[in-house]
Amino acid sequence: MSTIVIDRNLVYRLLKQVPKGKVTSYKALAEAAGNPKASRAVGAFMRTNPYAPIVPCHRVVYSDGRLGGFSGKIRIKEKIKMLEEEGVIVRNDRVERFKEHYFDRFSIERAKKEALP
DNA sequence: AATATGGCACAAA
DNA sequence: CTTTGTGCCATAT
């Protein structure tokens with residue numbers, strides 16, 4: 001019996017809580033949304049994100065600080081550029097001082113009240 | 001409807 | 001540190 005395993009809209013709303021200059025991970029979002037195992041699905045949500053760039057999908061990276069994808073290989077440069085404009089230094093596909101920039105203090109309560117475009 | 005492919009994570013080697 | 005294999009869930013074909 002199956003139920004919803006991870007709520008796509010909830011993930012988008014949670015992601016909106018990540019402030020400029022910070023990053024989060026696919027895993028953190030999956031956890032916050034209630035399914036720690038669904039990190040890969042979160043990636044799929046980002047890939048088909050209808051609310052970009054209102055929903056800051058460029059602020060989502062691997063849980064170890066590496067960048068991961070962004071629509072293939074070429075446009076990864078743009079992700080880096082956006083992040084650096086927000087104050088996040090990226091070197092060798094890795095976020096510098098990852099821990100300091102890492103955000104995972106999501107509020108599920110606030111997210112549920114958030115509206116989506 | 002069935003299989004393949006991903007903007008992932010984690011453990012083992 | 002790297003590579004390889006496995007689990008997971010949503011999308012693309």
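Lettering follows sequence order; numbering is per chain, from 1. Please read all numbers here as calculations on a predicted model, not as lab measurements.
Nearest to the side-chain atoms of A/Arg47 among the listed nucleotides B/dG7, C/dC9, B/dC10 stands B/dG7. Nearest to the side-chain atoms of A/Thr48 among the listed nucleotides C/dG7, B/dA9, C/dA12 stands C/dA12. Checked against C/dC9, B/dA9, C/dT11, the side chain of A/Ser39 finds its nearest nucleotide in B/dA9. Candidate nucleotides B/dC10, C/dA10, B/dG7 were compared by shortest atom distance to the side chain of A/Lys27, and B/dC10 ranks first.
If A/Ala41 and A/Val61 are placed on DNA chain B by their nearest nucleotide, the residue sitting closer to the 5' end is A/Ala41. Toward the 5′ end of DNA chain C lies the nearest nucleotide of A/Arg94, the other residue of the pair A/Arg94 and A/Arg8 mapping further downstream.
The 12-atom threshold is exceeded at NZ of A/Lys16, counting heavy atoms of other residues, nucleotides or ligands nearer than 6.0 Å.
No donor-acceptor contact under 3.5 angstrom links the side chains of A/Glu96 and A/His101, judged on distance only. In this model, no donor atom of one side chain and acceptor atom of the other lie less than 3.5 Å apart for A/Arg105 and A/Thr24.
Atom CD1 of A/Ile6 is separated from atom P of C/dC8 by 15 Å (rounded to the nearest Å). One can place CG of A/Asp64 at 14 Å from C1' of C/dT3, the figure rounded to the nearest angstrom. Rounded to a whole Å, the OH atom of A/Tyr26 is 9 Å from the P atom of B/dG7. Between the CE atom of A/Met46 and the C1' atom of C/dC9 there is a distance of 13 Å, rounded to whole Å. Taking atom CG of residue A/Asn49 and atom C1' of nucleotide B/dG6, one finds them 16 Å apart after rounding to whole Å. Between the CG atom of A/Leu10 and the C1' atom of C/dC9 there is a distance of 15 Å, rounded to whole Å. To the nearest angstrom, C1' of C/dC8 lies 14 Å from CD of A/Glu31. In this structure, the CG atom of A/Leu15 is 17 Å from the P atom of B/dG7, given to the nearest Å.
For the pair A/Ser63 and B/dC10, the criterion of a side-chain N or O lying under 4.0 Å from OP1 or OP2 is met. For the pair A/Tyr62 and B/dC8, the criterion of a side-chain N or O lying under 4.0 Å from OP1 or OP2 is met. At the phosphate of C/dC8, neither OP1 nor OP2 sits under 4.0 Å from any side-chain N or O atom of A/Arg40.
In plain terms, the two heavy atoms of A/Ile108 and A/Ala32 that are nearest each other are CD1-O, 3.5 Å. Closest non-hydrogen pair, A/Tyr62 versus A/Tyr26, comes out as N-CE1, 3.9 Å.
Side-chain contact between A/Leu83 and A/His58: present, with at least one pair of heavy atoms (C-beta onward) separated by less than 4.5 Å.
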Strand DNA chain C as a dot-bracket string - pairs counted if Watson-Crick or G-U with both distances under 3.5 Å, | where the partner lies in another strand: .||||||.|||||
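Residue A/Asn35 is in sugar-phosphate contact alone, with no base atom involved, counting any heavy-atom pair closer than 4.0 Å across all strands shown.
Separation of the P atoms belonging to C/dT6 and B/dG7 is 22 Å when rounded to the nearest angstrom.
Residues A/Phe106 and A/Tyr102 are members of separate hydrophobic clusters, defined by side-chain heavy-atom contacts under 4.5 angstrom among Ile, Leu, Val, Met, Phe, Trp and Tyr.
Note that the OG atom of A/Ser107 and the CD atom of A/Glu114 stand 10.0 Å from one another [nearest 0.5 Å].
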